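A quick write-up on the structure given underneath.
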Amino acid sequence: MIIRLALVAGIAFAGYWVYQLFFKGESADEIVLEETPLKVEQIRSILELNTLKFQDEAVVDSLEYYKTADDAVWGALDKLTTPDQFKHGLRADGIKRRLTLIVRGELLYGVDLKRKDFQFIPQGDTLLILIPQPELLSISINPKGTEVYLENGDWKDYERAHLQRKARNKMIASGNRLKLPERAKAPLEKALRALVKTDKILVIKFEK
């Protein structure tokens, strides 16, 4: 009798370990919720596509005045002899050079999951998902979308590039003022809730 009980216990013990090794174990790159494997790489790629795009327009200006009255007179005469500057030479406004650009660009906000990752943390009847805070991922300035609103005087290419960088910084400041990183949370959370099918209470938190 004792031998039979020991044999049954041995079979039960072996069966438990077979279940643990071959049926219950999870691979490193997937998580199982309600017996539905969710590929972490698939979630990562989908989340990276669920970002917030913001198209903006910035007006930037660079202005220089003549330092003396004599400089203003000679500068005006020089402009009067230059066909594309003639209209500026007629004005007695003391402006030596002025360049005004209208720059258009697109800002992209979201989570860079190549640098930071998300976590699934089961907590009883709750599933906690920790995800990094959204941030500015990229800003795209299209040179063809840049409009020269006013050009008075001679300007070098590097000076125009400097103004475009100034416009870029204005767009970033505008995005921060509109709290776009915070607004990017909604589409990310919506994507996660659509991907994770579970009977548990789903709690999504953005890490600091």
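All of these numbers come straight from a predicted model, not from anything done at the bench. Values below: all heavy atoms of this structure, side chains included; hydrogens, waters and symmetry mates excluded.
Atom CG of Leu202 sits about 4.5 Å away from atom CD1 of Ile204, to the nearest 0.5 Å. If you take CG on Leu107 and CG on Leu178, they are separated by 10.0 Å, rounding to the nearest 0.5 Å. Interatomic distance, Leu180 CG to Met171 CE, rounded to the nearest 0.5 Å: 13.0 Å. For the atom pair CG of Leu150 and CZ of Arg98, the computed distance is 6.0 Å after rounding to the nearest 0.5 Å. Between Ile131 atom CD1 and Gln119 atom CD the span is 11.0 Å, to the nearest 0.5 Å. Atom CD1 of Ile129 and atom CG of Leu192 lie 5.0 Å apart (nearest 0.5 Å).
Under the 4.5 Å side-chain contact rule for hydrophobic residues, Ile201 and Leu128 share a cluster. Criterion: ILVMFWY side-chain heavy atoms under 4.5 Å apart, direct or through other members. Under it, Ile102 and Ile139 are not part of a common hydrophobic cluster. A single hydrophobic cluster is seen to contain both Val59 and Tyr149, as judged by linkage of ILVMFWY side chains at heavy-atom distances under 4.5 Å, directly or through other members.
Here the side chains of Leu188 and Pro134 are in contact, with some heavy-atom distance below 4.5 Å. In this structure the side chain of Glu147 reaches within 4.5 angstrom of the side chain of Arg104, judged on heavy atoms.
For residues 162-173, the pairs satisfying side-chain hydrogen bond (donor to acceptor under 3.5 Å, both in side chains) are Thr146-Gln164, with sequence neighbours left out.
Among all heavy-atom pairs drawn from Val111 and Pro132, the shortest one is CG2-O, 3.4 Å. Nearest heavy-atom pair across Leu130 and Glu207 is CD1-OE2, 3.7 Å.
In summary, of the residues considered (Ile121, Leu127, Thr126), a side-chain contact (heavy atoms from CB on, under 4.5 Å) with Val203 occurs for Thr126 alone.
Using modelled atom types, one side-chain atom of Arg160 and one backbone atom of Trp155 make a donor-acceptor pair closer than 3.5 Å. Panel note: side chain Gln133, backbone Phe206; a donor-acceptor pair is recorded below 3.5 Å.
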Chi angles and distances behind the side chain to side chain contact (heavy atoms under 4.5 Å, CB included) call for Tyr109, Leu137: CA-CA 5 Å; Tyr109 293 87; Leu137 299 179; 5.9 Å; no
Side chain to side chain contact (heavy atoms under 4.5 Å, CB included) between Leu108 and Lys53, intermediate numbers included: CA-CA 5 Å; Leu108 189 65; Lys53 293 182 180 180; 3.4 Å; yes
Stepwise side chain to side chain contact (heavy atoms under 4.5 Å, CB included) test for Leu99 and Val148: CA-CA 8 Å; Leu99 180 62; Val148 179; 4.1 Å; yes
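Around atom CG of Asp154, no more than 12 heavy atoms belonging to other residues, nucleotides or ligands sit under 6.0 Å away. Within 6.0 Å of NZ in Lys185 there are more than 12 heavy atoms belonging to other residues, nucleotides or ligands.
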